[in-house]
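To keep things clear, I will list the structure first and then write my remarks on it.
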Amino acid sequence: MIRKLLQKVFKRKKTAETVGDSLFQLHIIPVKQHGIHRNQISSCALKITQELQKAGFSAFVVGGAVRDLLLGLDPKDFDIATNATPEQVRSTFRRSRIIGRRFRLVHVMCGLETVEVSTFRGPSPDNGHPIKINDITDQHGRLLQDNVFGSQEEDAMRRDFTMNALSYNPATEEIHDYLNGYEDTSSRTLRMIGDPISRYREDPVRMLRAVRLAAKLDLQIDAKTAQPIGDLAPLLQNVPVARLFDEMLKLLLSGHSLACVVDLRARGLHHGLLPMLDVILEQPLGERFLTLALKNTDERILQDKPVSPAFLFASLLWHEVLASWNSYKVHGEKPSVALHKAMDDVLAKQQKNLAIPRRFTATIQEIWTMQPRFELLSGRGPFRLMNHPRFRAAYDFMLLRSESGEINAETASWWKDFIAANQEQREKMIQIIHKLSPPKKRKNRNRRKSSGNKTDAPEKAAS
Ligand code: ATP
Ligand code: MG
């Protein structure tokens, strides 16, 4: 018993010492092996590394940019890591400012480009760091503060995946690799640095990052890295909602949203984010609609076309709204009142999980409330609808509904023609609708009451 205890203590001490004494071997990979030349680095990032090195500091391009270049992709941005403190970086560059609290880093601006410069971080508490763990983590082990500076090696160790821990020195064109990230990049293996369970506990968002990076970069998640994800999924509930929303948006705007959502569901990660996904995907129409919406989003992103987050969330939640709308109607509610109640319910429920910021919810509601109006093809309705500031988004949304089989194809094709037509032709189209289905005569006494409620009596689309 005592021997076991001693062994335990001894083991723990040894781990701490080994980390301090450099546990991992540095591999320096020359340019003739990896093939990344300094002209592939953005001019701003290049200038920053040169200036810092001139001032006597070390400076490397790090993280996603090195990984993406090795995978033959164009990096989205270039991050720099240095042994200069944020204040030293700040005083080296005139156009720079210190940002962040949990991670203090410096934004350096050159022209329109902004590059993030961070000081090498010290090791995480689970790797034998002397800081008392309870002081900087919550009760689930999530890191709340992370401003301990360290060496280049320690900085590499506290990144998430081995392929994200490579450093590139533009001056020598060499890659510094402490964790076999180069090999993992070559074999397209996404591998967590250290013990996956404690790394996910430290920051549960890493589970979402694993799913996103694997889908986006076509990588295999290493078995030990993938295995704990299902069990630890509930930890996402402890992540601040704003961060969760940002990460979810990154995932949906990655150009691979469909693959990501399918994978999120397969790993049980969607429960706290989009809890109704299971229900939606079980209905054939729901699955078709969501698949089309995400595919569309991915295609737009790959073609460099803008994508609206509001449109995306309106799509993700639409079939929940439809189900609730129908249920209110079945219980005798007027269609327009039922729709508003359904929207309120769905958004309120969603706020408890992945809170959608208010700036998006107004647009989401507009897209939804305009939908019944696409099926009212008579009178001045179509003209008024076309003048709505959100018409384009609502129209695209209606096309998705039609493509997924929710509304008839004639409605969509009527609208396509209506948009393409000139004013005179549009008037004629409306007249034809009138002839095909003349508006019902209303008794005088009802006229005032019903005029504000156009969506209550949907007339049939052109057939
Ligand atoms: P992207 O292509 O989406 O930008 P990225 O890996 O560059 O992918 P960033 O969010 O830009 O992602 O992060 C830059 C680097 O910071 C990562 O490559 C990784 O080394 C490190 N990093 C980011 N998030 C985490 C995290 N949650 N835990 C540990 N390291 C992280
Ligand atoms: Mg990045």
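Computed over heavy atoms, backbone and side chain alike; hydrogens, waters and symmetry mates excluded. Counting convention: from 1, in listed order, for ligands and their atoms alike.
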Once the angle between the rings of Tyr395 and Phe374 is folded into 0 to 90°, is it parallel (under 30°), tilted (30 to 60°) or perpendicular (over 60°)? tilted

If you measure from each non-hydrogen atom of Asp79 to ligand 1, which part falls under 4.0 Å: side chain, backbone, both or neither? side chain

Among side-chain atoms of Asn169 and Gln53, is any donor-acceptor pair under 3.5 angstrom? yes

Determine whether the aromatic ring centres of Phe60 and His176 lie less than 6.0 Å apart. yes

Evaluate Arg212 for polar contact with ligand 1, using N/O atom pairs at a separation under 3.5 Å. yes

For ligand 1, which atoms sit closer than 4.0 Å to a heavy atom of Lys250? 10 (O)

Residues Asp184 and Thr189: side-chain donor-acceptor under 3.5 angstrom: no

Ligand 1 versus Arg158: contacting region, heavy-atom distance under 4.0 Å: backbone

Heavy-atom nearest neighbour in the protein, as seen from atom 19 (C) of ligand 1, with distance rounded to 0.1 Å: Asp160 OD1, 3.4 Å

Which residue and atom name correspond to the protein heavy atom nearest atom 28 (N) of ligand 1, and how close is it? Arg206 NE, 2.8 Å

Which of the ligand 1 atoms, numbered from 1, are nearer than 4.0 Å to a heavy atom of Gly63: 18 (O)

Regarding atom 23 (C) of ligand 1: of the candidates Arg209, Arg199, Met207, Arg159, which has the closest heavy atom? Arg209

Please tell me whether Gln152 and Ser58 have a donor and an acceptor in their side chains that are separated by less than 3.5 angstrom. no

Between Lys295 and Glu403, does any side-chain N to carboxylate O distance fall below 4.0 Å? no

Which of the atoms of ligand 1 are close to Lys216, meaning less than 4.0 Å from one of its heavy atoms? 1 (P), 2 (O), 3 (O)

Residue-ligand contact Asp203/ligand 1, heavy atom below 4.0 Å: yes

Please list, in number order, the atoms of ligand 1 under 4.0 Å from a heavy atom of Lys76. 1 (P), 2 (O), 3 (O), 4 (O)

Considering only non-hydrogen protein atoms, determine which one is nearest to atom 8 (O) of ligand 1 and report residue, atom name and distance to 0.1 Å. Arg67 NH2, 3.4 Å

What protein heavy atom sits nearest atom 7 (O) of ligand 1, and how far off is it? Gly64 CA, 3.3 Å

Hey, mind stepping through Trp318 and Gln371 against side-chain hydrogen bond (donor to acceptor under 3.5 Å, both in side chains) and telling me if it holds? CA-CA 11 Å; Trp318 174 241; Gln371 293 311 308; over 6 Å; no

Would Arg243 count as a contact residue for ligand 1, given that I'm defining contact as a non-hydrogen atom of the residue lying under 4.0 Å from a ligand atom? yes

Which residue pairs pass the side-chain hydrogen bond (donor to acceptor under 3.5 Å, both in side chains) test when at least one of the two sits in residues 215-231, sequence neighbours left out? Arg191-Asp222, Asp222-Thr225

With a 4.5 Å heavy-atom cut-off, do Phe149 and Pro86 have their side chains touching? yes

